Structures are given as C-alpha cells and as structure tokens.
Asker: 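I'd like to ask you about the structure that follows.
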Amino acid sequence: MGNTTYRDALRKALSDRMKADPDVVLIGEEVGRYGGAYGVTKGLVDEFGAERVIDTPISEPSIVGAAVGAAMSGLRPVAELMYVDFIGMTMDQLANQAAKIRYMFGGQIGVPMILRTQGGTGRSAGAQHSQSLEAYVMHTPGLRLAMPATVSDAYHLLQQSMAQPDPVVFIEHKALYATTGELDDKTPAAPWGKAHVPHLGNDLVIVTYSRQLHYALLAAETLAKDGIEATIIDLRTLNPLDIDTIRLHVERCGRAIVVSEGVMTAGVAAELAARISEECFDFLEDPVIRIAGEDIPISVSPLLETNSVPTPDLIAEAARMMLS
Amino acid sequence: MGNTTYRDALRKALSDRMKADPDVVLIGEEVGRYGGAYGVTKGLVDEFGAERVIDTPISEPSIVGAAVGAAMSGLRPVAELMYVDFIGMTMDQLANQAAKIRYMFGGQIGVPMILRTQGGTGRSAGAQHSQSLEAYVMHTPGLRLAMPATVSDAYHLLQQSMAQPDPVVFIEHKALYATTGELDDKTPAAPWGKAHVPHLGNDLVIVTYSRQLHYALLAAETLAKDGIEATIIDLRTLNPLDIDTIRLHVERCGRAIVVSEGVMTAGVAAELAARISEECFDFLEDPVIRIAGEDIPISVSPLLETNSVPTPDLIAEAARMMLS
Amino acid sequence: MRLQTNSRLAAHYHLMRRIRTFEERVGELFVRGQSAGSMLHLSIGEEAAAVGVGSNMRDGDTFTTHHRGHGVFLARGADPRLMMAEIAGKETGYCSGKGGSMHIADMKLGHLGANAIVGGGIPSVVGAGLAARHRKSDNISVAFFGDGATGQGILYESMNMAALWHLPVLFVCINNQYGMGTRIDNATAAPDLHKRAVSFGLEGAQVDGSDVETVAEVAGDLISDARSGKPGFLVVDCYRFYGHARMDKSPYRDETEEAQGRLRDPVAKARQTLISRGEMNDESLDELDRQIAAEMDATIDFAADAREPQLDSIFDDVYDPSTPPPESVRDRLARVLGRARQA
Amino acid sequence: MRLQTNSRLAAHYHLMRRIRTFEERVGELFVRGQSAGSMLHLSIGEEAAAVGVGSNMRDGDTFTTHHRGHGVFLARGADPRLMMAEIAGKETGYCSGKGGSMHIADMKLGHLGANAIVGGGIPSVVGAGLAARHRKSDNISVAFFGDGATGQGILYESMNMAALWHLPVLFVCINNQYGMGTRIDNATAAPDLHKRAVSFGLEGAQVDGSDVETVAEVAGDLISDARSGKPGFLVVDCYRFYGHARMDKSPYRDETEEAQGRLRDPVAKARQTLISRGEMNDESLDELDRQIAAEMDATIDFAADAREPQLDSIFDDVYDPSTPPPESVRDRLARVLGRARQA
Ligand SMILES: Cc1ncc(C[n+]2csc(CCOP(=O)(O)OP(=O)(O)O)c2C)c(N)n1
Ligand SMILES: Cc1ncc(C[n+]2csc(CCOP(=O)(O)OP(=O)(O)O)c2C)c(N)n1
Ligand SMILES: [Mg+2]
Ligand SMILES: [Mg+2]
C-alpha cells in the first residue's frame, strides 16, 4: 500500500462491492470501455461485463431516472454524472423523485442509489466544467452527500455510500484523482457520518471537506510557523453532518473558519457558518469566517480560475487576521 | 385602488410593461388562453396577441432555453414556470446558460430575461408542487432573485425586474394571489434591491420575505401584546441583498430571527443567518435564530403541510424564547 | 358472482365501470370538502387505456403513472378504499396520507408511483426494465403518461435507452387530446405521436381508446413483444371528458367538441357491445353498476372516517428508519437557545 | 488574390483548409503548453459541415455551436487570432480569456455561443427564431451540435417548438460517429437521426460530409426553407479524425476503422475535384496552403504574446457594469473582521 491513488481507491471500492453484491450495477456515460472520463471505472467492464457496467447515451436526466427505477426494483445502481456541472439537468429526477419517494410513498420503499460525480476547479475547464454544486444537494432533504478528500475516504466512503438505504450523492474532486495515500482496507473505517480531525490545535478550527482539506492542511503548516495552531476538521459527509465533532472543537478553540470551494452565497459555507454560530454562540470570540468560492463563474484563464476559489494563502490569511 | 389583488397587480405590471416595450414577450405553459395556472396572465393574449403571449408545449428546459436565446437576440422574454418545483429540470439552462453567458463571453452580452414562477405551501399540492426553492437561485451567481410579499411589490418588483439587464428569477407565492392591498402605481417605487421595513420595534429584528412576511407581521402583533416590539424587514429581493438595512436594525436591536419557507439546511435562512452573524457579530446578544422549512418533503395532508413550514406561532415562540 | 358472463369484455366492462364510478366519487369527496386539496385529475373517458393495457399485465410487472393515474391503478388491482383515503390525505391511505392523489404508489402491486411531474415517472421504467433483465425475469415495466408528456425531452431519452438496450418496457401515452388547456395540435405540429417512437427504434401503435377490445388486443401484442425485449409505444386516443382538475371547467373548449368527445365513451361502448352480443342485458348490467356504486360509495365514508396522519409522523420516512430523523426547527430553536422546552 | 479561380468549390476549399490548419495549430498551442487547459476538441474531418452550412448563412443570421465549434465559427468569419487568443485564455481573445475553446462567442458575427454542455446551445436558436419572427426579419438561426447531443431530450423539445411555431431555424447535427468513446450504434438503436426530426414535423436530410458541394447544396435548400418558416434538421455524416479531446488517443477505435474514416476527408476531396476539373492545380493549391499556414502560424504567436486577463477583471461581467460587482471573499473577510487591509 502507501501509494494508492484516489482514482484507484475509488475503483477498488466499486470493484470490491460489485464482487460482494451482484445487484450493484454501474450506469453512465463512458463508464465502460472508456473507463470513465477520469479513469475511475477503467477495467470494470472487463471484470463484470457490459450488463453490469452500462454505457449510456448522453442523457443525464434519464440516467438518474433509470437509476431511480432500478433502485426501486431491487438493484443497487451507481449512476455516474461525468461532471457535477450537469446536475442541473438532473435535479428534477434527483430532488423530486429520488429524494422524495420514500417520504411521498409513506415509507414503502427507499431509493438506494448512488450518484457518483466529480467537481471543482483545477483543469482550466471553464465555467461549465469546474463548479462545486454540493449546496444544491445539501439543500435537498432525502439526499445524503459524501465528499471524500483522501485516498482512504475515497475507498471507505464509497463503500459505505453503496450500503446506504437512501440515495447518496458522492462528489469526487477532479484535482484529487492523481493524489496518493495509504489505503488500509483491513481496519474498519470510521463510521458513516463521522468527521475526521487530521490536525489538532488550540487557536482556531478550520472546518472543511474535499480538496479544501488539503489547502487547509497547507495553511495549518504555514500558520504553525507563525505560532498559530489550527484544528482541522474534514467533514467527509455533509449529510449527515457531524455537528458534535464541530461543536467539540469550536467550543474548545473559540474561533472557526469554514472553507468550501462552492460559491459563498447560500452555499455550504453559509450552512456551516450559520450552524456553528447558532450551536457555539457563547463560545465564539470572533464571527465564523467563510472562505468560499467567489460569487462568480469560473474562468478558463488559469490565473482567474485559481483565484476564484479558496487558496491555502487565503485560508492562512484569514486565520492570521482572526488571531492578530 | 385599495382592493387590488396580488394576482391583478402582477398582471398589471406585465400589461403596463408590454404596452411600453414591444419587445416584451411572455412564454410559458398555459400563459395564453388559459390565462396562467393561477390566473396571472388572464386576458393578456387578447390584448397583445398570440405572438407576444406564447403558449408552449410542456417543455420547461426548452422554455427557459428559448428565453435565453430570445434575450440574447434583443427580446425581453418573460418565461413562466408553472411551479418553482419544476426548476430542477431547467437548472442547466438557468445556471449554466442564462447566469453565465455574460461572464463566459467576456461581457459581450447580457441575458435580460425573467423567469416568473410561484412556490410555497398552502394548497395541499403535495411534495412536488409546494416547495420553496429560491436557495438554488440565490446560490447561482449571475441570477437576480425577487420575491414579492405584497400587492404593491407584486407590481413594482415585477416592473423593475423587467427592466433589469440581467436574468431575474421572480418567485410569487401561491398563497398570496388572492390577497388584496393598495396598489399605488403613481408614486415612484422603492429602488430595486432595497428592503422594506413595515414594522419597527426595538427588541429584535425579523428578517423575511414572500409569504412569511405576513406571518412575521402576525407574530409581531401577538408579540406586541406581550410587550415585545419587533422590527420586521421584508427583503423584497434576495439578490441584490440589502445588507445595509439588515445591519442597521440588527445592530440597533441586538437580536435577529430569519424566516424563510424554504427548507432550513443550506437554504436562504442559512445565508441570512451567516451573513448577519458575520456582519453584526459584536452587536448580537443571542445567536441568530433560523425559522425555516423543516428538512423534509411537504405532505399532501393539510395538517402535516401546515407544520412543515414556519407558522406565525412558531415565529412568535422563537421571539419569546429569545427575550425571556 | 357479479358478472353474468365470463367474457373478457364483460370483465373489462366491470373494471372500467369501477374506475368510472370511483372517479365520480373522487369528485364527490372534493365537493364534500374531504379531499386533500383540489389537485384531483379524473380519468373519466380514459378507462379503456387503463383496462386494455392493465389487463395484459401480470403479477410482478411494474408501472408508473402520471397525475391522472387512478384508473390505471384500479385496473391493476388497487383497493379503492385505500386509494380514496390517500386522496383524502388520511393515515390509512396507500401512502399514509403523505402522497395524495398525485403520489399514490404500492410496491406490492408493482405500482412504482404516480407523479406530479409531467414525464417524471417515465425513466423509472427504464431502470425497472434493467432490473428485470438483470434478474432474467420475464416481467415488464409500463410507463403511463399523457399526451402532454410528449413535450418532455426525458421521454425521448428514455425511449432511446429502452430501444438500445432491448428492455422489456412499454410506453403508454394516454392521448386525451389536452394538456391542461392546450389541445394537442397546439402543442405539436406532428400529432401522430407513435411515429416518433418508431424513429427511435421502438414498435409504435395508435389505437382508438373508446374501444377497450382493440386497446387490449394491440396492448397484448406490444406487451408480449416487450417481454421478449422489444419495447413499444402505444398511443391510446381518447377524450378528457371533464376539466383538467377539479376546479377547471374547460372554458377553452367548445361545447360541440366536448359533446362529440364524450360520445367516445369506452364504458358505454362496452356496455352496448355486451348487450348487442347478448352476453349481458340492461338488467344485469344495472345490477352490476349498482353493486359497484355501493362499493365505491363506501370508499368515501371509509376515507372520511379515517384519521389524519399524526403530527409526529411528519419526520418519519425522510430517511430509512434505521437512521435518525431530521431535527425539528422547534427542537433546534430550544436547544440553541439553551432552554429545553417543557412539553 | 489568393484564389486562382472564383468557383464556389474553390472558396469552400479555402475556408476548409483554413479550418484544418487552424485546428492543427490549436494542437500545437497545446503541445507548447500555451492553451488554457486540455479540453480542446478539434473539428478536423468535419470541415464540410462548417463550410457547407456556414457559407449559406448571411449577415444577421445567428448560430450556436457545441464544444467542437472552431470550424463553424471560422466558416462564419471569425478572426483566427482572436480565437487562438481565447483558446489560450488571453485577454485579447473573443471572450477576454474567460470563456476558452468551449465558450467562444461573438455577437457581431452572430455567434450566440459555443457550449460545453452537450445540447446546451440548442434551445437558444428557438429563442433567436422567435426574435427573428418578432422583428419580421428574414434571418435564421442555426444550432450546430454533435451526434451525441441526440441523446439529450432538450433537442426534441426544441425541434417540436420550432416546427409548431414555424420558426426560421435549422438544426445541424455533425455526426462524426462518436460521442467521446461511444460509437453512434452504441448510443442508439436508430442511427438514421434525421428521421426523428421528420417525426416531429421538420424537414430532415442526411448528407455525406466528405463532399462539401453536396453539403452546401442540401444546406442551401434547407436554409431557404427555414427562412420561409419551415425549420429543418440536417445530419452531416463525417468522421472524427482524432481523439475526443487533446489527451484522448481513441484506444476504443480500431485502426482499420480509423484509417477508413480518415479517407472521408472533405479537404482532400475538394482539392482533388478542383484539380480534376482543372480549376486549380497542385502548385496553386500548395501556394494557397502555404499562405494559410503562414496566417495560422501567426495566430500561435499572437496568442502566446497576448497578456493574461488582469486579476482584478475577475469580478467584471458577472452582472451588468451598471451594477456593483460581487464583494470578494478577501474584502468581506477584512470588513467582517473590522480591519480594513492595507493594499
Ligand atoms: C413538469 C411539469 N410541467 C407542468 C406541470 C403542470 N401540469 C400538470 S398536468 C399538466 C398537463 C398534462 O397533460 P397530459 O400530459 O396530456 O396529461 P393529462 O392531464 O391530459 O392527463 C400540466 C401542464 C407539471 N405538473 N409538471
Ligand atoms: C450534458 C453533457 N454531458 C456530457 C458531457 C461530456 N461530454 C463532452 S463532449 C461529449 C461527447 C459529445 O459527443 P458529440 O455530441 O457527438 O460531439 P463530438 O464530441 O463528437 O463533436 C461528452 C459526453 C458534456 N459536456 N455535457
Ligand atoms: Mg392529456
Ligand atoms: Mg460526435
């Protein structure tokens, strides 16, 4: 181990689960022979056949809709949306069907499907291929939401997602596929819904997820040189949200920054900031600071792209300002 | 005057503007002969003809997409989405096209279209016809968002929306169409983007919009009997957001409740609470309290429906708890 | 035994009459102020579509419907009392009063759900078809929807998938000539809807929806083809006898057209045919109708007497019961303000 | 004057060669590490679609393209330097470096925009068609897209609207046989795509995209029909010579197929025809090609030398310049923490 990529960890999670459960099927554009736009499903069609790794036409609404019907019919579909940017055309199937079926039908049936997709900046892919749209999902009751930052979570969270009784939107980050790390698939994973705290400090808490975890860790390194000790929380899942872990550390430190690559207004950072502000009010020395995507589309220009979302510098700068 | 309905005020805004600007066209399902599912466009096809009041097939994605193209081609389309619940299938055209075109194309052109729609509970219309999905819009840079609560704003905000250079999503509330009020179309309207403060008090601020304004006003009446004096802010537009007015009053009162019919998590209430918490931190005696839609789908059962969203009682209860 | 004969038509008449009468009672429920809301879409005039297709389906077959789906579900064996209770928003209803008329479903009878989103239930049958293929079962899945849904792009995506993957799926378009106030010729320049399906590689057919025998025959063929992996698309031509929903008086239709349209009555036609063939007579049919009327009358009382869902069920079934329900706004408030409320 | 003759084919050859050479230079820009990202989709092999249709369009006509739209825009008069600069993400590009290869647009030339959403630009032409009708102009609007976009439901919605409203609109499907790694016969059971359009009431035609003269002729007819309110759908059959985007080596295609596909070369064919007709000879064509090569070489330097957009332009053009730009995260932070930063 030690040198597994995020991409390979995801593939292994799919493959392990497909071996264990014959009802798991993958369905999406280019998931078969092409191996997925980012290579995650490479080889799976050879291993499991075209009846379980199903290449589709470019029909996102119906891909999600077919997954809904398949999940209601006893399969465990893992649908793939090539870019989270395309979620807009699937929101009806996702939010009005997948998310509400259990409730509308009085609990008769759940929709245990996964929508795997990827988002974020980092490839000069422009305004329609670089977004972080997890807020739409988090705002939709009935949908679970997992966003792995690490190789280990790529594996474990995906495995866990595939065992959920309810629909899970699983958002990978395009800039993380080639990152490497240790994949321990023997020790039991942290429970579903539990945040991870990879760095402990007493001065402030940085709450984040997905690629921004790594930026936060970089910021924490710089800050340490200035004598500022940050606690970093990687949420891993946004629904369920591990408010207990957040509270524990924010009450201890008295200061919090929330970091999200999605645009700031009405985004995940807003929810986290609002939640921390209400839960930890008496402990806060400073307002909860939101470091998030700018309220703008993403440019193809690399310079503008990089500056459209949080950077390690900006996170560190915020922390220094708080503690100065 | 005095007895104009919200529905009639909307129709008058459309009609006045259509008279003034021959490039304004309405496009949507049943906007013509049927007069709109809620009667807003009744009679307009007789007045302006079927070339300007265009009935469409049931094709929401293309209705929005056609409006985008029409707006880029010099028309001023007012597209109608019968229920905001259908916005999911249009989010690609709305968020990836309408909202981003000006930016992606380097400012060459704007997309001055309106998407008129209606949302909210109140008609036992069930989980797919009762939602308040303004958060999706507020989270999308490039889209303006107006949500009138009163007869006067139904008229003036719609007029103003039709004069915006950028796409505006205009969300009416289904429970307000029959409400009446005074429509003064002579005095100049409050400027676009400016909140309204219909009730002043010193104990706390209730920030809200759309139908919840009326619930907040009812709550304020009850509270007054208990000696609690609330300031009520009706935001009118969520983008632009009049943070100055909010700040002014929250700093004065030291306590704030934000009220939104949309579900709480990652919704508009989260943005408002986060914003107030960060902007007014030193002035707050209590955490900003969010009174919002429950994180659940809406039931058809009237009892459950009513209790899925804020009620005047719940708002008053929150205020009393804050001030006890 | 209610039926005087065992002919297929007699059975179809029985089912169609039950649907007709049920829908009339739904109207009454509304008038009595007992329905949950007014978004009630009656399928009167469309009974042959429901019965002609439904009677060719088997146990284990699944289906989705649109918002005007009471008839289809009855044709597939629904208990009208539980339907009526659901339409009234009551706890004893099919969906515990959370769904209502537009969201009735029953997994036991293969009803994957009615839908208030035009076209929303269509792609589900693609998934159900994949599942059937996966299990190597010979079940099919049928999507029922209106002519209006042909405006929704998702239909074409789903048809394309069904044809591409040879799925055991049938698309049934109940063409009642109207989508709300829009007549089909104001919604498309090409009203021969089944031809579209052919252009995607499906079998396409169009039948006269006033004649249940023809509907059943053509549907039977399409369904057996679907079972062998050749998906189809069936347009059942009929007429929406009444308004779009309960409040709509169809001011946009002219009287002659309505009168003519209502002559295309599959129930009346079946009745006449039964009589003319000597299979039943007015008396036996009247007796049958009376029995059905009594059964359906009882559904109103059943629904009216049923209790509303308990308020505390409001947080149930957002997620699987094994996981904690969402926290209520009130609980959050109390907790956040640090003053646990006394119940 | 570069051209030795004034024939239409010679003009088309010129345009096609410019497209071909430009696309080759785009590839070079990438290899030189000067492109903004690697999402560059070359239209090599598809030149006849761009030129055959584009040359029938007029000033005032508008169009949208898909992600593989460089050729179409060049055929409509684009300045290749401004295109290359945009592809490099530079300030002097068509969209100030914000759009890039997949979001090139130019209102002056009627280019309503390329699109990175498959099918995303299609309904725009419905709106543009409505606007043309509203102004009683005789302009048309053309949507260019790939075969893959026939998987998107929005196409059928838009076609239905265009036919219903008799809009001056043409849909052009550039069928290069692949959507990424998926060959058309793995994306549909009915690859005669134009037949779908016919089933919606449009005129439909399919042409051999290796022959620009045929494309131009058929497109000319469809366009004049479109101008008179009869919308059409044209499938141009061709072959995607290279990978989907710059990084893709098409491992999913077999070599024979590729070799055969690349024989369907509209540029080579036009060249041969010009020679065989005696309109031009190898020498004059080589000279022309050299001139084009020089022009296109210059675009790379133009793009490489251009400057990047200024960082502070990042907040421009989210909204109209008359309204305040969004507040930056950094400004908010400074303001919120009450300590205005020193610049
Ligand atoms: C996506 C969507 N758009 C619009 C509506 C509003 N609406 C409900 S039913 C209906 C007409 C549907 O017509 P059709 O499909 O022919 O079914 P019918 O009512 O005739 O049975 C419309 C427009 C909706 N529920 N969903
Ligand atoms: C809605 C959407 N789905 C998927 C993609 C990813 N994608 C980009 S191009 C492409 C293939 C498109 O094929 P086609 O339409 O034939 O155009 P071509 O690339 O062959 O020119 C895909 C799947 C996308 N950009 N947008
Ligand atoms: Mg209909
Ligand atoms: Mg292609």
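Please read these numbers as outputs of a predicted model, since none were measured by experiment. First the proteins, then the strands, lettered A, B, ... as listed; each starts at 1. Note: hydrogens, waters and symmetry copies are ignored here, and every other heavy atom, side chains too, is used.
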Asker: Taking the side chain as everything from C-beta on, heavy atoms only, tell me whether A/Leu304 gets closer than 4.5 Å to D/Ser313.
Answerer: yes
Asker: For chain D, which candidate among A/Arg33, A/His129, A/Arg123 shows the most heavy-atom pairs at distances under 4.5 Å?
Answerer: A/His129
Asker: Go through the atoms of D/Met39 and report whether side chain, backbone, both or neither lie under 4.5 Å from a heavy atom of chain A.
Answerer: side chain
Asker: As an exercise, state the distance from CD1 of A/Ile291 to CG of D/Leu333, rounded to the nearest 0.5 Å.
Answerer: 5.0 Å
Asker: If we only count heavy atoms from C-beta on, is the D/Leu337 to A/Met322 side-chain gap below 4.5 Å?
Answerer: yes
Asker: Can you tell which part of D/Glu91 gets under 4.5 Å to a heavy atom of chain A, answering side chain, backbone, both or neither?
Answerer: neither
Asker: Chain A: which of D/Gly93, D/Ala116, D/Pro325 shares the most heavy-atom pairs with it under 4.5 Å?
Answerer: D/Ala116
Asker: Go through the steps for A/Ser59 and D/Gln152 under the test side-chain hydrogen bond (donor to acceptor under 3.5 Å, both in side chains), then give the verdict.
Answerer: CA-CA 5 Å; A/Ser59 310; D/Gln152 290 284 342; over 6 Å; no
Asker: What I'd like to find out is whether the side chain of D/Pro326 reaches to under 4.5 Å of the side chain of A/Glu294, using heavy atoms alone.
Answerer: no
Asker: Looking only at non-hydrogen atoms, find the nearest pair between D/Ile117 and A/Gln128 and report the distance.
Answerer: N-OE1, 3.4 Å
Asker: Kindly give the heavy-atom pair with the smallest separation between A/Pro287 and D/Val336, and that separation in Å.
Answerer: CG-CG1, 3.7 Å
Asker: Less than 4.5 Å apart, any side-chain heavy atom of D/Asn186 and any of A/Asp55?
Answerer: no
Asker: Find the one option among A/Gly32, A/Ala292, A/Gly126 whose heavy-atom pairs under 4.5 Å with chain D are most numerous.
Answerer: A/Ala292
Asker: Heavy-atom pairs under 4.5 Å with chain A: which of D/Val318, D/Ile314, D/Ile154 has the most?
Answerer: D/Ile314
Asker: What is the distance from atom CD1 of A/Ile296 to atom CG of D/Asp316, rounded to the nearest 0.5 Å?
Answerer: 10.0 Å
Asker: Could you look at D/Asp317 and say if it's the side chain, the backbone, both or neither that has a heavy atom under 4.5 Å from chain A?
Answerer: neither
Asker: Taking it one step at a time, do A/Glu30 and D/Thr182 satisfy side-chain contact (heavy atoms from CB on, under 4.5 Å)?
Answerer: CA-CA 7 Å; A/Glu30 308 295 343; D/Thr182 302; 2.7 Å; yes
Asker: Do you know which of D/Gly120, D/Gly181, D/Ser38, D/Gly37 has the most heavy-atom pairs with chain A at a distance under 4.5 angstrom?
Answerer: D/Gly181
Asker: Above 12 or not: heavy atoms from other molecules or residues under 6.0 Å from NZ of D/Lys195?
Answerer: no
Asker: Would you say A/Asp295 and D/Glu327 make side-chain contact, with heavy atoms under 4.5 Å?
Answerer: no
Asker: I need the residue from A/Ser308, A/Ser301, A/Pro57 with the largest number of non-hydrogen atom pairs under 4.5 Å to chain D.
Answerer: A/Ser301
Asker: Is there side-chain contact between D/Arg330 and A/Leu314, with heavy atoms separated by less than 4.5 Å?
Answerer: yes
